[in-house]
Number of protein chains: 2
Amino acid sequence: MATITELEGVVLGIVRSLQPCTAYAVRRQLQASPSSHWSGSAGSIYPLLGRLEEAGLVEALSDASDGRRRRLMTLTRKGTAALRGWILEAGQPEVAANVSDALRTRAFFLDALTAEERRRFVESALEAAEAFHAMTVEYGRSRAEDGAIGRLAALGGEYAAEARVRWLQELLASLDDEDA
Amino acid sequence: MATITELEGVVLGIVRSLQPCTAYAVRRQLQASPSSHWSGSAGSIYPLLGRLEEAGLVEALSDASDGRRRRLMTLTRKGTAALRGWILEAGQPEVAANVSDALRTRAFFLDALTAEERRRFVESALEAAEAFHAMTVEYGRSRAEDGAIGRLAALGGEYAAEARVRWLQELLASLDDEDA
DNA sequence: ATCCCCATGTAAATTGTTACATGATTCG
DNA sequence: CGAATCATGTAACAATTTACATGGGGAT
């Protein structure tokens, strides 16, 4: 069972939760996520689903009953197994280490700025982080409708967003100390 | 000033903090990060620094005084400006939304698993998340030597890792409730 | 009618990964 | 003297982004 990529895992998971569904519905779901890590562009999703189909992980059923041509996707048994395998990789150190945060990344280079710019950075980053946190909360609410697991999964994003706000507040406070 | 990519920003920042330094030193710095988001492979860094050089953001000084041929990189004034511009993008919503976490991503699809598998997922994920948290703490200690800003930046990663552990502990507890 | 959403795709360009290739130095 | 580390690169491949191209349905 050739290992699948992150995006492939996500797409399998979305297809399973919506099946039978169109590629377009998968894209919308991706775009609804507060994280912009994947664009959910047509150029990524259609070729990707084509690969999954060729590999026998999803099956498509063409339908044009209402004039609109569609391809309705479903996971095959093999696809379900691949999805489960991918989820259960979670114990591997590489998976736990696969994190990123563009805001935090920038903070590592703060000494390239003047004290004034630094303050501007932290203030605007804090604002953006708070707005993002609000988005994760909103997203959690929408996910809660899909059951307990959806809510719990979204909670992880809320906690992370919350932690980032707290961190930036402390950064701001320590800049104040510096000035004093 | 054409906007630069995330990895380009990071590389500019690292070069600035170590300059004059080799591409190899930049790679090591990237690889020392607890996050595996970028591999810091030769295949990414050498071409990237080539592009930055061509764009006039970094300058290279060839040196082979001790027999080992090296190219010592320095930021140009233009490179410093680009770095500052990149850092100060932090207020934009897209930057704050540019986050990812492979562990959390998988949790969204937990209902594809049986109750038993779910428990296995959370237990192994928690273990991996704790190990990762320990790595961030260790990393923070090493960064602290480079001054207050380095320590504060690393703290963001620690908080995020901490929040993830907390979240998984709650997930585990809610699975227990479910079983009972 | 016109605009927005549904729906499917392709093409070019960029970016990054793995693997390969080479060679000098340093440490045990 | 052999292994690890320093050091620089390239080649083939994979994956994704942006932009383009097309068309039907439903609402105002």
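Convention: sequence-line order gives letters A, B, ...; per-chain numbering from 1. Please read all numbers here as calculations on a predicted model, not as lab measurements.
Taking only side-chain nitrogens and oxygens, A:R28 comes nearer than 4.0 Å to OP1 or OP2 of C:dC6. An OP1 or OP2 oxygen of C:dT17 is reached within less than 4.0 angstrom by a side-chain nitrogen or oxygen of B:S44. Contact annotation: A:S41 does not reach the phosphate of D:dT16 (side-chain N/O to OP1 or OP2, under 4.0 Å). Within the 4.0 Å cut-off from OP1 or OP2 of C:dA7, at least one side-chain nitrogen or oxygen of A:R70 is found. Side-chain nitrogen and oxygen atoms of B:R27 include none within less than 4.0 Å of the OP1 or OP2 phosphate oxygen of D:dC6. One finds no side-chain N or O of B:R69 lying less than 4.0 angstrom from the OP1 or OP2 phosphate oxygen of C:dT25.
As judged by a 4.0 angstrom heavy-atom cut-off over every strand, A:G43 is placed among the base-contacting residues. No contact: B:A25 has no heavy atom under 4.0 Å from any strand.
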B:R151/B:D146 under salt bridge (Lys or Arg N to Asp or Glu O under 4.0 Å): CA gap, chis, key distance, verdict
CA-CA 8 Å; B:R151 203 192 70 245; B:D146 314 351; over 6 Å; no
Please assess A:R77 against A:E59 for the test salt bridge (Lys or Arg N to Asp or Glu O under 4.0 Å), listing each intermediate value before the final yes or no.
CA-CA 10 Å; A:R77 193 169 303 169; A:E59 258 173 356; over 6 Å; no
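Distance from the side chain of B:Y24 is smallest for D:dA7 among the nucleotides C:dG16, D:dT17, D:dA7. Comparing D:dC6, C:dT8, D:dT16 by their nearest atom to the side chain of A:L7 picks out D:dT16. Here the side chain of B:Y46 is nearest to one of D:dT8, C:dA7, C:dT17, namely D:dT8. For B:T22, the side-chain atoms get nearest to D:dT8 when compared with the rest of C:dT15, C:dT10, D:dT8. For B:R71, taking side-chain heavy atoms from C-beta onward, the closest of the listed nucleotides D:dT8, D:dT17, C:dT15 is D:dT8.
Going from atom CD1 of B:I4 over to atom P of C:dG16 covers 12 Å, rounded to whole Å. If you take CG of B:L61 and P of D:dT8, they are 13 Å apart, rounded to a whole angstrom. When the C1' atom of D:dC6 is taken as reference, atom CG of B:L18 falls 15 Å away, rounded to whole Å. A:Q31 places its CD atom 11 Å from the P atom of C:dC6, with the value rounded to the nearest Å. As rounded to whole Å, 14 Å separates atom P of C:dT10 from atom CD1 of A:I45. The CH2-P distance, from A:W38 to D:dA15, rounds to 13 Å in whole Å. Atom P of nucleotide D:dA15 and atom CD of A:E8 are separated by 6 Å, given to the nearest angstrom. Straight-line distance from the CD atom of B:E6 to the P atom of D:dT16: 17 Å, rounded to whole Å.
A salt bridge does not link B:R166 to B:E162: none of the charged nitrogens lies less than 4.0 Å from a carboxylate oxygen. Of the charged side-chain nitrogens involved, none lies within less than 4.0 Å of a carboxylate oxygen, so that B:D63 and B:R69 do not count as a salt-bridged pair. Classification of A:E89 and B:R106 as a salt-bridged pair holds, one side-chain N sitting under 4.0 Å from a carboxylate O.
Figure legend: cation-pi geometry between A:R164 and B:Y159 absent, as NZ or CZ is not positioned both under 6.0 Å from the six-membered ring centre and within 45° of its axis.
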